[in-house]
Amino acid sequence: MRINQYIAAAGITSRRKADELIEDGRVKVNGGVLTSPGYHVEEGDIVEVDGVRIEPADRKVYYLLNKPAGYVTSTADKEGRPLVTELVPDSVRVFPVGRLDLNTTGLLILTNDGDLANALMHPSKEFNKRYLVRAQGIVTIKEARQLEKGIDIGGFVTSPAEVHLIRHDRNSTVAEIVIHEGKNRQVRRMFKAIGHPVLELCRTGLGSLEIGRLAVGQCRKLSPAEISALKSAVK
Ligand code: URA
């Protein structure tokens, strides 16, 4: 098995991120730092990531978390901040699929299925991503239409989106936005581009998955039907 596949099968991270771990010199095979990303793991090899021995897990697990603000979407953090993976009550190591900013809340998938995670994160897979936003100031219908048509967020024009203005008070507007891409901090950059910085952001839907009534900080296992829907969506 190729080393990046082995690392993904052990539930450490996706295959793509495994290549980064190798590049960063964090992977050792039989005591030596691995330099070749094309290495094939042989029977009896001892593989370590960050000094910890890993072995592929045979049990695949799939969780949906309602991420709280202040949690890092990663399996490790140099600053020692809380990690989303700490909220999954399973002895199997999982990793997050995609990323939510530190202060974004809402729907996040965590799994040890590296192949599914990779497929879900591939840019060619344009899943609907639905967010509830509270933005500073009063967003006008004209500004919402600008967001829908596509807007320059700094060297990149977003593709068509859907925006529903829900309510506003004197200082802020609550809106729902559905996008089909996943550029870094995309929703925050879109609202900033129309002059209304995001105050709060929550992902409420991803493809056919919904956050529903899951409380912030809680996670649940995906149902078999939800798992097969995801698998067929990436086929
Ligand atoms: N868009 C953002 O700006 N932040 C997120 O966390 C997700 C989407």
Side-chain angles (χ1 to χ4, degrees), residues 1-21 41 47 49-50 52 54-77 82-102 104-132 178-182 201-235:
M1 192 190 281
R2 205 182 142 107
I3 183 72
N4 61 358
Q5 203 181 348
Y6 188 94
I7 295 172
I12 307 301
T13 187
S14 68
R15 267 196 233 181
R16 206 168 350 140
K17 290 264 168 65
D19 285 331
E20 290 173 21
L21 292 179
V41 180
V47 179
V49 173
D50 292 336
V52 178
I54 60 160
E55 279 170 295
D58 48 10
R59 181 166 67 92
K60 295 273 183 273
V61 297
Y62 306 86
Y63 285 93
L64 189 154
L65 169 72
N66 189 344
K67 176 193 172 297
Y71 276 72
V72 182
T73 307
S74 179
T75 54
D77 184 55
L83 304 170
V84 289
T85 47
E86 291 163 5
L87 297 168
V88 177
D90 201 307
S91 57
V92 170
R93 287 177 67 171
V94 291
F95 57 88
V97 179
R99 217 162 65 82
L100 291 178
D101 300 335
L102 184 67
T104 300
T105 59
L107 194 159
L108 188 65
I109 300 172
L110 294 112
T111 182
N112 61 347
D113 184 339
D115 289 334
L116 181 67
N118 257 329
L120 288 171
M121 286 189 281
H122 198 273
S124 67
K125 297 289 172 253
E126 298 197 335
F127 287 101
N128 284 356
K129 294 170 186 141
R130 183 176 311 114
Y131 296 89
L132 199 58
V178 181
I179 60 172
H180 313 277
E181 308 156 302
L201 184 59
C202 174
R203 181 155 72 188
T204 55
L206 176 69
S208 56
L209 296 176
E210 293 285 339
I211 198 73
R213 287 165 181 265
L214 191 65
V216 177
Q218 295 297 304
C219 72
R220 66 166 175 85
K221 284 191 168 155
L222 290 186
S223 68
E226 286 172 324
I227 297 166
S228 20
L230 283 179
K231 286 186 177 169
S232 36
V234 294
K235 258 192 195 139

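Just so you know, residue 1 is the first one in the sequence shown, and it goes up from there.
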*Can you name the nearest heavy-atom pair linking Lys231 to Leu116, along with the distance?*
CG-CD1, 3.9 Å

_Contact between His122 and Asn118 at the side-chain level, heavy atoms closer than 4.5 Å - yes or no?_
no

*asked:* Looking at every non-hydrogen atom in both residues, tell me the closest pair between Pro89 and Tyr63 and how far apart they are.
replied: O-OH, 4.2 Å

*Quick one: are His180 and Asn128 in side-chain contact, heavy atoms under 4.5 Å?*
yes

*Could you check if a side-chain atom of Val88 sits within less than 4.5 angstrom of a side-chain atom of Phe95, using non-hydrogen atoms only?*
no

*Checking side-chain contact (heavy atoms from CB on, under 4.5 Å) for the pair Arg93/Ile12: CA distance, chi angles, key distance, verdict?*
CA-CA 7 Å; Arg93 287 177 67 171; Ile12 307 301; 3.4 Å; yes

_Nearest-0.5 Å distance that lies between atom CG in Asp50 and atom CG in Leu21_ = 7.0 Å

*Got a second to check how far Tyr62's OH is from Asn112's CG, nearest 0.5 Å?*
7.0 Å

*Within-4.5 Å side-chain heavy-atom neighbours: Leu222 and Leu209*: yes

*Enter the distance from Lys235:NZ to Ser228:OG here, rounded to the nearest 0.5 Å.*
9.0 Å

*asked:* Measuring from atom CG of Leu107 to atom NZ of Lys67, what distance do you get when rounded to the nearest 0.5 angstrom?
replied: 12.5 Å

*Write down the atom of Leu87, the atom of Cys219, and the distance for their closest heavy-atom approach.*
O-SG, 3.5 Å

*Asn66 side, atom CG; Ile211 side, atom CD1 - distance, nearest 0.5 Å*: 4.0 Å

*Gap between atom OG1 of Thr73 and atom CG of Leu65 - 0.5 Å precision*: 8.5 Å

*Does a side-chain heavy-atom distance below 4.5 Å link Thr75 with Leu83?*
no

_Donor-acceptor check, side chain of Thr104 to backbone of Cys202, threshold 3.5 angstrom: yes or no?_
no

*Specify the closest pair of heavy atoms between Ser208 and Ala229, including all atoms of both residues, with the distance to one decimal.*
OG-CB, 4.0 Å

_Minimum heavy-atom distance between Glu55 and Ala10, given as atom pair plus value_ = O-CB, 3.4 Å

*If you count the non-hydrogen atoms of other residues, nucleotides and ligands that lie under 6.0 Å from NZ in Lys17, is the total more than 12?*
no

*Heavy-atom distance under 4.5 Å between the side chains of Arg15 and Asp115, does that happen here?*
yes

_Heavy-atom closest contact (Leu100 atom, Gly106 atom, distance)_ = CD1-O, 3.8 Å

